[in-house]
2 protein chains.
Amino acid sequence: MKEGPDIAQIGALIGDPARANMLAALTGGRALTATELAGVGGITVQTASTHLAKLEAGGLLIQRKQGRHRYFTLADEAVARLIESMMGFAAGRGHLRHQPGPKEPALRKARICYDHLAGDYGVRMLDSLIASGAIDAVGDGLVLTEKGESELKCIGIDVSDLRSSRRPLCRSCLDWSERRAHLAGSLGKALLSNFLDKGWARRTAESRSILFSPEGDRQFLRLFPVDA
Amino acid sequence: MKEGPDIAQIGALIGDPARANMLAALTGGRALTATELAGVGGITVQTASTHLAKLEAGGLLIQRKQGRHRYFTLADEAVARLIESMMGFAAGRGHLRHQPGPKEPALRKARICYDHLAGDYGVRMLDSLIASGAIDAVGDGLVLTEKGESELKCIGIDVSDLRSSRRPLCRSCLDWSERRAHLAGSLGKALLSNFLDKGWARRTAESRSILFSPEGDRQFLRLFPVDA
DNA sequence: TTCATAGTTCGATCGTAACCGAAGCATCGC
DNA sequence: GCGATGCTTCGGTTACGATCGAACTATGAA
């Protein structure tokens, strides 16, 4: 039969634990060096090098040389969405990691998903935006309302800038920890950048989790109440 | 490290060519026996049996015993969506099958995607529904309009029946051959069933392709014109 | 120049999983 | 009961790929 595109190739690429860990780490959006990726994969640099070459040949990664470092990133947003969707799927099937580990709670509270906010806070934000009428959930899509647009302007986000990009403004992204949708798209990215710029939150060095400051936490919860 | 769900497990399950072929075949929505699946995988029944056991243990497949046959199907629609999304991704990266084969054209024209219409005709149908105002494409979601609902009633589809199901009415699904969206969800299913019931088209025995009769072809093109 | 760091390539080992033949169950038709 | 069919389990072979040590290339620093 051999019908359609070859999913076995990319399945096999993702199917190795070391490679899967590297890809998951890169879903954090940050460019990482080969040595760092060897660390997250739990393997030596030699092995990591061959893995990275395969991932690059498969079109999942791109590398950028900078001095004697090589920075690897996911090839594009489509790869990030694929990985995230597989995580959502795996979480739904109970294919979870054996030991949750100490960083799990922080990761579940707030983490970065390629370039936008995910985890409990990400889901909460979208719920609140929908409840307040800033975003309409229509079918399985999301649309920004006029009301929402003016509210965003108040917190310093100019939506007309975002519209000029080819990327969709609002996109819903399934959250693997919450098993519900959070906000992706260029607006999702802009909101997270906004929080980081304001100093409400910051990214951690080696993890995908996002740490809110006490003040940032307060502001965030005020801005996105649960029962709005 | 070791953040989040284990995508390596399902990646590895899909990563074997024989298993990938079986899964792709099952995306046709039809239940297949172990022997049939061995055929599409290009392996003996013994080997297929072990593969199927692994896929079942991984939650991707379910089996139903019926007499001395065992019928395998995808576990649920989420699996079908995962496979289809991986196909779309793979097609975009150029991970195509080596030789297109003789059945390719028919497959590209019209095929079944779990339970709804895909391929050129699937994409054309959605485009036409949007152009005529029966469906609104809003954000990256799809909504049926009142006008669309009454038009559907004319061709014999009662939307209120569909609404009662928990499954979303309209969903967009990326088509790997056309690289554009077609209509999924319970409405997508209902439309395809409608065509099959009317005798406009029929499913083929061993492939995912859908064959339109000359009359059905005429009716379909009349109902969903390109420049409506 | 020399040394140190980052990364790749080579070579060899090792483990696992895919594979099939043969035997073993289960179900159907007779 | 019998044989035939559909499928699974067992045993043994084979092949591929993940892994690492060691050697090699490249960039940067002193």
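The structure displayed is predicted, hence computed values, not measured ones.
- Contact detail for A:Met86 and A:Ile14: the closest heavy-atom pair is SD-CD1, 3.6 Å.
- With rounding to whole Å, A:Leu55 atom CG is found 12 Å from C:dT8 atom P.
- At the phosphate of C:dC20, OP1 or OP2 sits under 4.0 Å from a side-chain N or O atom of B:Thr44.
- Regarding contacts with the backbone of C:dC19, a side-chain N or O of B:His51 is found under 4.0 angstrom from either OP1 or OP2.
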Give the C-alpha distance, both sets of side-chain angles, the deciding distance and a yes or no for side chain to side chain contact (heavy atoms under 4.5 Å, CB included) between A:His116 and A:Cys113.
-> CA-CA 5 Å; A:His116 55 269; A:Cys113 172; 3.3 Å; yes
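- A straight line from CD of B:Glu36 to P of D:dG6 spans 10 Å, rounded to a whole angstrom.
- Proximity of B:Thr47 to the phosphate of C:dA18: no side-chain N or O atom is located under 4.0 Å from OP1 or OP2.
- A:Arg163 has no carboxylate O lying under 4.0 Å from a charged side-chain N of A:Asp158, or vice versa, which leaves the two without a salt bridge.
- Between D:dT8 and B:Ser49, a contact under 4.0 Å exists linking OP1 or OP2 to a side-chain N or O.
- In this structure, B:Lys54 reaches the C:dA18 phosphate: one of its side-chain N or O atoms is under 4.0 Å from OP1 or OP2.
- With ring centers used as reference points, A:Tyr121 lies under 6.0 Å from A:Phe212.
- Taking every side-chain heavy atom of A:Gln46 into account, D:dG21 is the closest of D:dG21, C:dC28, D:dT9.
- For C:dA18, one of the phosphate oxygens OP1 or OP2 lies less than 4.0 angstrom from a side-chain nitrogen or oxygen of B:Arg19.
- Each of A:Arg68 and B:Ala48 was assigned the nucleotide of DNA chain D with the nearest heavy atom; the assignment lying further toward the 5' end belongs to B:Ala48.
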